[in-house]
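Keep in mind the model is a prediction, meaning the values are calculated, not measured.
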Amino acid sequence: MTYTPPIAEQRFLLEHVVRLGEFAGHNAFADATPDVVDAILEGAGAFAAGEFAPLNRVGDQVGARWTDGRVTMPDGFRDAYRAYVEGGWGTLAGPVEYGGQGLPFTLATVVMEDLGSANMAFSLCMMLTPGAVEALKHHGSEELKRTWLPKLVTGEWNGTMNLTEPQAGSDVGALKTRAVPNGDGTYRIKGQKIYITFGEHDLSDNIVHLVLARTPDAPPGTRGISLFLVPKFRLDASGRPAESNDVRCVSIEHKLGINASPTCVMSYGDNDECIGWLIGEKNGGMRAMFTMMNNARLNVGLQGVSIAERATQAAVHYARDRIQSVRAGGASRDPVRIIEHPDVRRMLLRMKALTQAARALTYHAAGLSDRATLGDTEAKARVDLLTPLVKAYGTDVGVEVASLGVQVHGGMGFVEETGAAQHYRDARIAPIYEGTNGIQAADLVGRKLGLEGGAVLSRLLADIRAEAAGEAELMALVDSCERVAAHLAAAGHDDRLAGSYPFLTMLSVAVSGWLMARQHEASGGSAADPDFLAMKRAAARFFLDQIVPEAAGLRAAAMAPAEILYSVGEESFAA
């Protein structure tokens, strides 16, 4: 089946969740007029459906291919990437002074959702570049920004993130890549990185790697890490890619999914001729990299939404076509389309509700990022709190919805021809990369609950109570979140981490439920399509009446001590 962009849903969220119209009075976003917004929604959807979606299956079946250090993408990918660049889709939220359009990040989020739904693996090439732009914009020298940002903003060159090493997975502080000063302001880089998304490919003329490394005098751990810009090719006097920079792709991984996204093992400085430029302060690499990572984490949460949307569309299409069995209790003895069976409807409505809720949470965070750009300090604090929720809950939803999509297809979902299996395979990486969801939960209880002494969370819960006071189940969940947060704040380290994941889910569902309640209310006075509004109300009610109470049931797990986890030795796990 083809991909149909959910333009009515996106427009509804921009109006009622993001409240994009409130940006119009700010000079920074003065160009985000209703006509421009509509043009972007329509154009991005058409582009994703027309250029990216047709490449989804060949990307999965053929995939990226590695030969002697070079990666070749399947036929059609280079042309589609060129169309993306020429269409200016990468420039939407880029800084104006370096060739961007300076539009709200929320609109770039809409575009990335469409691209991810149409072709999740391919969209990864575009997903990390905006984070590289942000890291350079906020931490790079003026010379670095002038040299590298214009081509990164347009997408003519793509950016990558280089953290992980073979001996240092999620423990970034254990990395060993070295950066030795050359005496002229540059550094000689030497080391190996793994799991580098689009670290090598044939789509663009240059690749700009952002690499974490240690200088010779660096202190141990994360305090001694610096960030460097390391291009695939050094530039000549006119700024064109010229001399190879001793950067090599050693291999690419053979993966469960996202086969059209080359996941590379990268080697830097095999011949001691790899040159890098320091971004930000020496030993300040983690602060600079987190600028990129926070952007990427919001976009990875969005990937969960994207794959959930594609899986839901496929499941609905199949359920409306597939005829099987007589409906139990029905008057007719003729077989019906499976969408008539109650359990299939349950699955489809759950898929719709989860996808819409995760999208609302992600768009809300994107809107807060835009408000922070306009100087709203409360919005900045709230998006910091919500970032681990967006990343973890969005990707959990993507996996659950993709799994339900397989179930709706039945046996046909377990074979590859329908594409439902690919959705599930592609979705499964998202809870792992850009910081596992367990790390997101640890970040929530270890750092984010303590923002302003807990006041950021308190204000969020107060806003939910004020706007959705009539939703009894939601109010019960908010009360439970408040009690669990107080318990975790006073708990020991192990107990806090033991309850972190169920608490993250509780809080994610509470915020998403608030936003779904807002949409349910807004749908009553909307002039949108009646079928769309009927589904909006049904999905919101399903989420509030069935999914919110499920999350409230996690309270016991969130408050359970870690004692049971350590009541047996590691040998017992192998028994």
Side-chain angles (χ1 to χ4, degrees), residues 1-15 17-18 20 32 36-57 59 76-77 79-94 101 103-130 155 258 260-261 295-296 298-314 316-317 352 355-356 358-363 365-367 390 394-395 397-398 401-402 419 422-423 426-427 430 532:
M1 63 160 289
T2 57
Y3 163 66
T4 302
I7 296 173
E9 169 77 359
Q10 293 167 339
R11 185 178 287 117
F12 192 85
L13 289 186
L14 292 180
E15 180 179 356
V17 170
V18 178
L20 191 64
V36 168
V37 172
D38 280 343
I40 290 171
L41 294 182
E42 298 285 347
F47 175 79
E51 298 285 347
F52 274 42
L55 300 173
N56 191 48
R57 289 297 281 165
F77 275 67
D79 288 341
Y81 188 81
R82 186 180 299 113
Y84 166 83
V85 174
E86 291 175 354
W89 294 111
T91 68
L92 289 186
Q101 298 183 53
L103 291 168
F105 171 64
T106 308
L107 296 179
T109 296
V110 172
V111 175
M112 281 306 306
E113 182 198 340
D114 286 337
L115 297 179
S117 293
N119 194 325
M120 176 177 165
F122 191 11
S123 74
L124 281 164
C125 188
M126 301 83 187
M127 189 197 79
L128 289 176
T129 302
I258 57 168
S261 173
N295 179 284
L298 292 177
N299 277 323
V300 170
L302 182 68
Q303 283 187 329
V305 176
S306 293
I307 207 69
E309 177 63 36
R310 186 68 182 263
T312 300
Q313 289 189 20
V316 169
H317 179 81
K352 283 278 190 178
T355 302
Q356 290 187 17
R359 180 185 285 115
L361 175 63
T362 305
Y363 277 39
V390 170
T395 57
V397 162
V401 171
Q422 182 191 344
H423 299 148
D426 285 352
F532 167 79

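- For the residue pair Ala93 and Ala108, the shortest heavy atom distance occurs at CB-CB, 4.0 Å.
- At a threshold of 4.5 Å between non-hydrogen side-chain atoms, the residues Leu20 and Leu107 count as touching.
- We find the CG-CD1 distance between Leu302 and Ile307 to be 11.5 Å, quoted to the nearest 0.5 Å.
- Considering only heavy atoms from C-beta on, Gln303 comes within 4.5 Å of Leu124 through its side chain.
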Are Met126 and Val111 close enough, and set up right, to give a side-chain contact (heavy atoms from CB on, under 4.5 Å), and what steps lead you there? CA-CA 10 Å; Met126 301 83 187; Val111 175; over 6 Å; no
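- Donor-acceptor pairing under 3.5 Å is recorded for the side chains of Thr91 and Gln101.
- The aromatic rings of Phe77 and Phe122 sit tilted, their planes meeting at an angle between 30° and 60°.
- Closest heavy-atom contact between Val85 and Gly155: CG2-O, 3.6 Å.
- Shown here for Gln313 and Thr4, the closest heavy-atom pair between the two residues is NE2-O, 2.5 Å.
- When every heavy atom of Val390 is checked against every heavy atom of Thr362, the shortest pair comes out as CG1-OG1, 3.7 Å.
- When all heavy atoms of Gly116 and Ser123 are compared, the pair lying nearest together is CA-OG, 3.5 Å.
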Go through it in stages, so that I can follow the logic: the residues are Val110 and Ile40, the test is side-chain contact (heavy atoms from CB on, under 4.5 Å), and I'd like the CA-CA distance, side-chain angles, deciding distance and then a yes or no. CA-CA 9 Å; Val110 172; Ile40 290 171; 5.5 Å; no
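- Ion pairing of Arg82 with Glu51 is absent here, as no side-chain N (NZ or NE/NH1/NH2) approaches a carboxylate O to less than 4.0 Å.
- Shortest non-hydrogen contact noted between Val18 and Gly367 is CG1-CA, 3.9 Å.
- A distance of 11.0 Å separates CD of Gln422 from CD1 of Ile258, quoted to the nearest 0.5 Å.
- Thr355 has its side chain out of reach of Glu9: every pair of non-hydrogen atoms, C-beta onward, lies at least 4.5 Å apart.
- By the 4.5 Å heavy-atom criterion applied to side chains, Arg11 and Asp38 are counted as neighbours.
- Sequence neighbours left out, the pairs with a member in residues 110-121 that pass side-chain hydrogen bond (donor to acceptor under 3.5 Å, both in side chains) are Tyr3-Asp114, Gln10-Glu113, Gln10-Asp114, Glu113-Arg359, Glu113-Tyr363.
- Residue Glu42 holds its CD atom at 4.0 Å from CD1 of Ile7, rounded to the nearest 0.5 Å.
- With a 4.5 Å cut-off on side-chain heavy atoms, Leu115 and Tyr84 count as touching.
- For the atom pair CE of Met112 and CG of Leu92, the computed distance is 11.5 Å after rounding to the nearest 0.5 Å.
- Under the rule for a ring pair (Phe, Tyr, Trp, His ring centres under 6.0 Å), Phe105 has no partner lying at least two apart in sequence or in another chain.
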